[in-house]
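Data first, discussion second: the structure below is written as structure tokens.
Start at 1 with the first residue, then count along the sequence. Every heavy atom of this structure was used, including side-chain atoms; hydrogens, water molecules and symmetry mates were not. Each ligand, and each atom within it, is numbered from 1 in the order the structure gives.
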Amino acid sequence: MLTIKNLINGQSVEPIAGNYLDNINPATGEVYARIPDSDERDVDAATAAANAAFPAWSTTPKEKRSAALLKLSSLIEKNLDKLALAETNDQGKPLWLSKSVDIPRAVSNFHFYATAALHTHTEAHAMEQTAINYTLRTPIGVAGCISPWNLPLYLFTWKIAPALAAGCTVVAKPSEITPMTAYILGELSIEAGFPPGVLNIVHGLGPKVGMSIVSHPQIPAISFTGGTKTGEIISATAGPMFKKLSLELGGKNPTIVFADADFDKTVQTAVRSAFSNQGEICLCGSRLLIERSIYEKFKDAFVQEVKKLKVGDPLVEENWLGAIASKPHFEKILSYIDLAKQEGGQLLCGGNTVTPSGRCANGYFIEPTVFENLPFDCRTNQEEIFGPVVTLQPFDTEEEVLQYANSTRYGLACSLWTSDLSRAHRLANQLQFGIVWINCWLLRDLRTPFGGMKGSGVGREGGFEALNFFTEERNVCIRI
Ligand code: NAD
């Protein structure tokens with residue numbers, strides 16, 4: 001059985017306590033690897049290595065840092081097939097998705113930040129005849145990066161790449177549910193010639209390893225993506241330590257469909273937005289709000305498309321949904337299907353587990369599930385399910401749909417479908433979401449600010465914002 005190791009000071013090492021956790025393939029239910037059950041001693045060792053590497057890395061000319069990141073980007077691309085298979089075996093997502101989205105995006109993350117860091121600028125504020133101020137940005141130190149299981153390498157590299165490009169050294173923790181591609185990335189970073197200690201990866205559980213990173217006095221910045229509850233715990237610990245915090249948290253995103261939208265395109269994209277990656281994308285649209293005049297027509301077309309989606313072995317090309325990432329999450333989703341029924345939801349399709357024959361007979365599969373007839377303020381419509389379960393709801397007016405859309409504690413993303421440009425602009429200004437897609441979904445430009453309002457997070461990733469996050473700003477004022 002494969003044993004994953006920590007990456008500390010440029011070496012693959014065992015956890016100090018020698019303890020391991022099981023790593024399960026969710027499509028088969030089988031343990032197929034062991035992952036370090038690290039503790040604060042491993043985080044201490046990683047932080048010491050990162051601190052020791054910081055003076056040299058932070059003063060390395062950025063062209064040289066950029067070259068190292070570009071090398072890592074091309075090594076990821078070279079190993080795309082191996083990484084995609086590892087991601088699918090760890091996470092349960094279809095292999096075609098790992099190949100076409102997850103791993104290519106990890107390549108882009110390193111490429112984007114390797115080059116973005118060459119094009120930074122700072123501001124100057126002249127005080128007429130008196131003085132000139134300029135903003136000096138220096139790398140903040142050791143960055144703590146903690147990521148979730150839904151888009152494992154994609155989100156892990158989305159943090160690590162800007163941190164390294166900005167001149168920080170890193171102590172990172174991937175989710176214990178999906179550690180494999182982070183492990184391979186660590187090996188590739190050695191091959192890319194990263195100096196020891198620049199990138200350190202410590203595997204293990206959130207409350208042990210994650211919390212040791214969050215509370216470590218020598219880690220001044222934490223970039224976290226995960227659940228809103230975990231974000232609360234991290235804030236409560238890091239806040240009083242005055243750490244810099246970037247929190248990308250949960251979502252409960254609406255897809256808003258007006259009668260004047262391009263009908264076919266809307267249905268197709270709404271299905272993709274609802275069920276991509278088994279609904280396990282923080283940006284998935286799980287509350288479909290549809291103008292009443294087209295509600296029945298939209299419902300019929302949507303359900304008809306959903307029924308065509310095949311669920312099963314993620315290695316089989318024709319399957320559009322793979323396995324749910326873990327057994328506890330599988331059970332959580334099923335409990336929400338029960339809840340939706342108790343709350344009076346009318347099941348339009350799905351609602352059952354799927355048992356494929358063959359190697360996936362013990363995997364965690366759920367049909368894409370659609371409910372209607374649930375009020376906007378019931379738990380099913382307010383809480384993040386993070387699985388293949390969505391609701392349909394009619395609305396009559398703009399005011400009503402705004403109330404529904406903005407009613408949850410979350411504010412990550414929404415998509416709005418209309419051919420009325422004035423309405424699109426008007427609503428974009430009133431929808432309380434960090435990302436508003438109009439007549440599209442998941443169309444990403446890495447330069448744009450990415451993140452959520454309200455309980456969906458604090459701060460923004462993407463573009464120069466992420467590079468700036470990993471720096472400390474200093475105003476230098478020179479009297480003329
Ligand atoms: P999670 O919060 O359980 O775990 C995320 C990471 O935090 C894991 O690495 C975990 O080990 C670690 N962790 C857990 N407890 C911790 C603690 N006390 N201290 C420090 N670290 C701890 O989230 P998850 O279940 O892995 O991911 C699903 C959630 O992530 C969903 O809510 C989803 O919406 C959210 N998410 C948000 C975005 C975004 O960009 N806003 C993107 C992807 C996922």
Set of residues satisfying side chain to side chain contact (heavy atoms under 4.5 Å, CB included) with respect to T266, sequence neighbours excluded: V257, A261, F298, W417
T157 and its side chain to side chain donor-acceptor pair (under 3.5 Å) partner, picked from T181, D102, N109: N109
Qualifying ring-ring contact (aromatic ring centres under 6.0 Å, His included) pairs with a residue from residues 229-248, counting only residues at least two apart or across chains: none
Stacked cation flag K5 on Y183, 6.0 angstrom / 45 deg: no
Pairs touching residues 432-443 that satisfy salt bridge (Lys or Arg N to Asp or Glu O under 4.0 Å), sequence neighbours left out: none
Polar side-chain atom of S38 near backbone of H203 as donor-acceptor pair, under 3.5 Å: yes
Every pair of nitrogen or oxygen atoms between ligand 1 and the protein that is under 3.5 angstrom apart - can you list them with their distances to 0.1 Å?
from: ligand 1; atom 1: 2 (O); to: G227; atom 2: N; distance (Å): 2.8
from: ligand 1; atom 1: 2 (O); to: T230; atom 2: OG1; distance (Å): 2.6
from: ligand 1; atom 1: 9 (O); to: S147; atom 2: O; distance (Å): 2.8
from: ligand 1; atom 1: 9 (O); to: K173; atom 2: NZ; distance (Å): 3.2
from: ligand 1; atom 1: 11 (O); to: K173; atom 2: NZ; distance (Å): 2.8
from: ligand 1; atom 1: 11 (O); to: E176; atom 2: OE1; distance (Å): 2.6
from: ligand 1; atom 1: 11 (O); to: G206; atom 2: N; distance (Å): 3.4
from: ligand 1; atom 1: 23 (O); to: G227; atom 2: N; distance (Å): 3.3
from: ligand 1; atom 1: 25 (O); to: W149; atom 2: NE1; distance (Å): 2.9
from: ligand 1; atom 1: 26 (O); to: W149; atom 2: NE1; distance (Å): 3.2
from: ligand 1; atom 1: 30 (O); to: G226; atom 2: O; distance (Å): 3.3
from: ligand 1; atom 1: 32 (O); to: E384; atom 2: OE1; distance (Å): 2.6
from: ligand 1; atom 1: 34 (O); to: E384; atom 2: OE2; distance (Å): 2.5
from: ligand 1; atom 1: 41 (N); to: L249; atom 2: N; distance (Å): 3.3
from: ligand 1; atom 1: 41 (N); to: L249; atom 2: O; distance (Å): 2.8

